[in-house]
Structures are given as C-alpha cells and as structure tokens.
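Taking it in order: structure first as structure tokens, then the write-up.
Note that the structure is a prediction, hence the values are computed from the model and not measured.
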Amino acid sequence: MPEPLHADSVRHVFVYGTLRRGGANDITRLVPPPVPIGTAAVPGVLYDLGAYPGIALTGPDAQGDGRVPVLGEVYAITPALERRLDEIEEIWPEPSGEYVKREVSLELKETGARLSCLVYEIAPAFLRGAPRLLHGDWMAHRPG
C-alpha cells in the first residue's frame, strides 16, 4: 500500500494512455508509487501514434471529428514521481519536443470534486497522419 502523501507536496496527474493501470507504462508500477484518486474525462482529441496515444487539448488538432471526452485516471503524485513521468514523456532531462506538460481542470467521476491536474499533451508536429480515436478510450483500443 502506498504511503500517504504530504499535502504540501501533492500534485495530481491525469493519465489517458500507456500510463493507465494495465498499460505498458502503468503508473501504479512506478516508484515512488502514486495514490489513486479516481477517474475523469477531459475534452480533446485522442490520436493513435502506434504503441501509444497523444491527446490534443487545444488548437486545430483538437477540433472537429473525434473531439470527445478522453477517458483517464487521476493520481496524486510526489515531485519525484513527477520527474519520473517527465522522463517517460521525454520532457526532462532532454526535452524531445514530443509532449508538453499542461494543467487542466477536471471533475472526478466518483465524487464530482474539481481538481487541477497535470496532463501530457502531444505536440502538433507529431500528429501528422495519425488517426483520431473517435471513442476517447486508449485502453479499449490499445494494441494487443
């Protein structure tokens, strides 16, 4: 069982792809472990990039067909786990430019509570030719 996080060090993250429970980069297997908070959805367009997805939250890539609630999980994380997530998404130590870290406000499905969460958004340049997932659920679509 994960240790409780101290309130002054807690951030929340919304994960929608391979970081979801059961995904290739399952956040619950990372150290230090996150604390599950609940599930949520954010408006956007989910793209299939092959082995993983990308979400477009704003701009032309986030409009039109496929703009649906993108399903995901919310976790409380420590600064150390945030840094590990930044490594996985290639934000740190050497940014690849593929993902950018954003803050979104969302509502937990279980309680209706509103939270500010980190989310890793795909950069538009990486979406060229990628198909949109019209249902918003990577885990229902994922290969394998």
Residues two or more places apart in sequence or in another chain: which of them pass side-chain hydrogen bond (donor to acceptor under 3.5 Å, both in side chains) with [X]?
{"X": "Tyr47", "value": "Arg132"}
{"X": "Ser96", "value": "Glu90"}
{"X": "Lys109", "value": "none"}
{"X": "Glu89", "value": "none"}

Would you find more than 12 non-hydrogen atoms of other residues, nucleotides or ligands less than 6.0 Å from Arg29 atom CZ?
yes
Residue pairs fulfilling salt bridge (Lys or Arg N to Asp or Glu O under 4.0 Å) with at least one residue in residues 113-122, sequence neighbours excluded
Arg102-Glu121, Glu107-Arg114
Among pairs that include at least one residue of residues 38-47, which meet salt bridge (Lys or Arg N to Asp or Glu O under 4.0 Å), considering only residues two or more places apart or in two chains?
none
For the atom pair CG (Leu81) and CD1 (Ile88), what is the distance rounded to the nearest 0.5 Å?
8.0 Å
Rounded to the nearest 0.5 Å, what separates atom SG in Cys117 from atom CD in Glu103?
8.0 Å
Below 4.5 Å, heavy atoms only, C-beta onward: do Val119 and Leu106 meet side chain to side chain?
no
Should His12 and Ile37 count as side-chain neighbours, where that means a heavy-atom distance under 4.5 Å?
yes
Validate the cation-pi geometry between Arg20 and Trp138: distance from NZ or CZ to the six-membered ring centre under 6.0 Å, angle to the ring axis within 45°.
no
What side chain to side chain donor-acceptor pair (under 3.5 Å) pairs are there with at least one residue in residues 51-70, not counting sequence neighbours?
Tyr52-Glu98
Applying salt bridge (Lys or Arg N to Asp or Glu O under 4.0 Å), name anything that partners Glu87, two or more places apart in sequence or on another chain.
Arg84
Just by distance, no angles: are the side chains of Thr39 and Glu73 close enough, under 3.5 Å, to form a donor-acceptor pair?
no
Can you list everything that forms a side chain to side chain contact (heavy atoms under 4.5 Å, CB included) with [X]? Sequence neighbours excluded, please.
{"X": "Ala123", "answer": "Phe126"}
{"X": "Val68", "answer": "none"}
{"X": "Pro95", "answer": "none"}

